[in-house]
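Chain naming here is simple, since letters A, B, ... match the order of the sequence lines and numbering starts at 1 in each. Predicted, not measured: the structure shown is a model, and the values here were computed from it.
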There are 2 protein chains.
Amino acid sequence: MQVFFVTMTFETGNSAGFLANHMARLFAAGLARRIQPLGLAPAQFMVLLVLWDGDGLTQRDLVERLDVEQATMANTLARMERDGLITRQPSPTDKRARIVRLTDKARALEGDAKAAAQAQNNAALSGLSAAEADQLVDLMRRVVGTMQRRA
Amino acid sequence: MQVFFVTMTFETGNSAGFLANHMARLFAAGLARRIQPLGLAPAQFMVLLVLWDGDGLTQRDLVERLDVEQATMANTLARMERDGLITRQPSPTDKRARIVRLTDKARALEGDAKAAAQAQNNAALSGLSAAEADQLVDLMRRVVGTMQRRA
DNA sequence: CTATTTCACATAGCATGCTATGTTAATTGA
DNA sequence: TCAATTAACATAGCATGCTATGTGAAATAG
């Protein structure tokens, strides 16, 4: 049995990981530009997306929903509190935990911020057909699932 | 003509940008884990990918090839010099520029590092057929191209 | 019931990305 | 030519991600 050693040169243009990084940076830059007038940064927007859907969560809840490390969330929440987007009250049932609540300021941003994010997604996907965009989302979801399961 | 205002609630699970960020973080974490034994970090690996293909570039060349900001590259190159992966010699033709060259240490890492990156890509895409993986790469390339053209 | 362990959160330190700005060298225009 | 502009790089400051570690509260094991 003959074995062919293909010169599988690792190319940046063919690497899914390289492209994922590049695409994510471009998405983040576009979103940052669009939500900056609202006084928001991308990671803050992600937290708000969860909180707009339902207030009163702990840091731990947010860590689970957004799949970032606890320390990352702690720093993001500290910046959001500093910027007047959230408040944190001690939990009555667990003295270790703090309940995160939206401020009126943060509630007022929901419409504009979601519209900005939608505009960024639309611009990014404008070169794809609707079917292709759906397929890209489906493929990304499956790749995320694979990497979450096995480190 | 009837216009339907669909309640297009912005959902994290349907957002290409959200998924791109999540996928890129998982790719980076997996790559970081695999190349850490080689003493490399993801951004350093990206620079090495370019330099293994041809030495003697300036910071500006690397900025263009990897599409990061000049300041980002300056910091990454400083860390790579600190870690003994590159040297920087003043350009003989332009006293502002510095020529980046690989050290023997960096040259010796090429095979192992590329294998690690390939392994990460393979693991990430293991839930997709070959055709689906090709399509994902193609779609990401097109989305990157769209965002590069129009901010 | 107490000792151990686990849990929730904070903090330190680092890498990687960004914008804004400074410095010096090269280029251009009058 | 020489003043103004542009170009290459460095630096400061910040956001977002990470790991490692500390602190105090809750849960569990004996």
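With rounding to whole Å, Arg33(B) atom CZ is found 13 Å from dA20(D) atom P. Rounded to whole Å, atom P of dC18(D) lies 15 Å from atom CG of Leu31(B). Rounded to an integer number of Å, the gap from CG of Asn75(A) to P of dG13(C) is 13 Å. When the P atom of dC9(D) is taken as reference, atom CD of Glu64(B) falls 11 Å away, rounded to whole Å. Between the CZ atom of Phe27(A) and the C1' atom of dG17(C) there is a distance of 17 Å, rounded to whole Å. Between Gln44(B) atom CD and dG17(C) atom P the separation is 11 Å, expressed in whole Å. The CD atom of Glu69(A) sits 14 Å away from the C1' atom of dT21(D) (whole-angstrom rounding). We find that CD of Gln36(A) is positioned 12 Å from C1' of dA20(C), with the value rounded to whole Å.
Scanning residues 76-107 of chain A for heavy-atom distances under 4.0 Å to DNA chain C yields Arg88(A), Arg96(A), Ala97(A), Arg98(A).
Between Met140(A) and Ala16(B), the shortest heavy-atom distance links the atoms CE-O, 3.7 Å.
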The test is side chain to side chain contact (heavy atoms under 4.5 Å, CB included); show your working for Leu136(A) and Glu132(A) and say whether it passes. CA-CA 6 Å; Leu136(A) 175 60; Glu132(A) 287 171 332; over 6 Å; no
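With Val50(B) as reference, Leu57(B) is the one residue of Val100(B), Leu57(B), Asp55(B) to meet the side chain to side chain contact (heavy atoms under 4.5 Å, CB included) rule.
Side-chain atoms of Ser91(B) do not come within 3.5 Å of backbone N or O of Ile99(B) as any donor-acceptor pair. Listed for the Asp61(A) side chain is a donor-acceptor partner under 3.5 Å among the backbone atoms of Thr58(A). For Thr76(A) (side chain) and Met73(A) (main-chain N/O), no donor-acceptor pair under 3.5 Å exists by modelled atom type. Between the side chain of Asn121(A) and the backbone N or O of Ser15(B), no donor-acceptor pair lies under 3.5 Å.
Proximity note for Asn21(B) (side chain, C-beta onward) versus dT16(D), dT11(D), dG17(D): the nearest is dG17(D). Side chain of Val68(B), nearest nucleotide from dC18(D), dG17(C), dC9(C): dG17(C). Considering only the side chain of Ala43(B), dT16(C) comes nearest among dA12(C), dT11(D), dT16(C). For Arg60(B), the listed nucleotide lying nearest its side chain is dC9(D); candidates were dA15(C), dC9(D), dC18(D). You'll find that the side chain of Ala71(B) is closest to dC18(C), out of dT16(C), dC18(C), dC9(C). Closest to the Ala74(A) side chain, of the nucleotides dA15(D), dT11(C), dT11(D), is dT11(C).
Residue Asp61(A) is the one, among Asp67(B) and Asp61(A), whose nearest nucleotide of DNA chain C lies closer to the 5' end (criterion: closest heavy atom).
For Thr72(B), no side-chain nitrogen or oxygen approaches OP1 or OP2 of dT16(C) to under 4.0 Å.
Ala29(B) comes within 4.0 angstrom of nothing in the nucleic acid, heavy atoms only.
Side-chain N/O atoms of Asn75(B) and Arg79(B) include no donor and acceptor closer than 3.5 Å.
For dA10(D), the base has a donor-acceptor partner in the side chain of Gln70(B) [N/O atoms by modelled type, under 3.5 angstrom].
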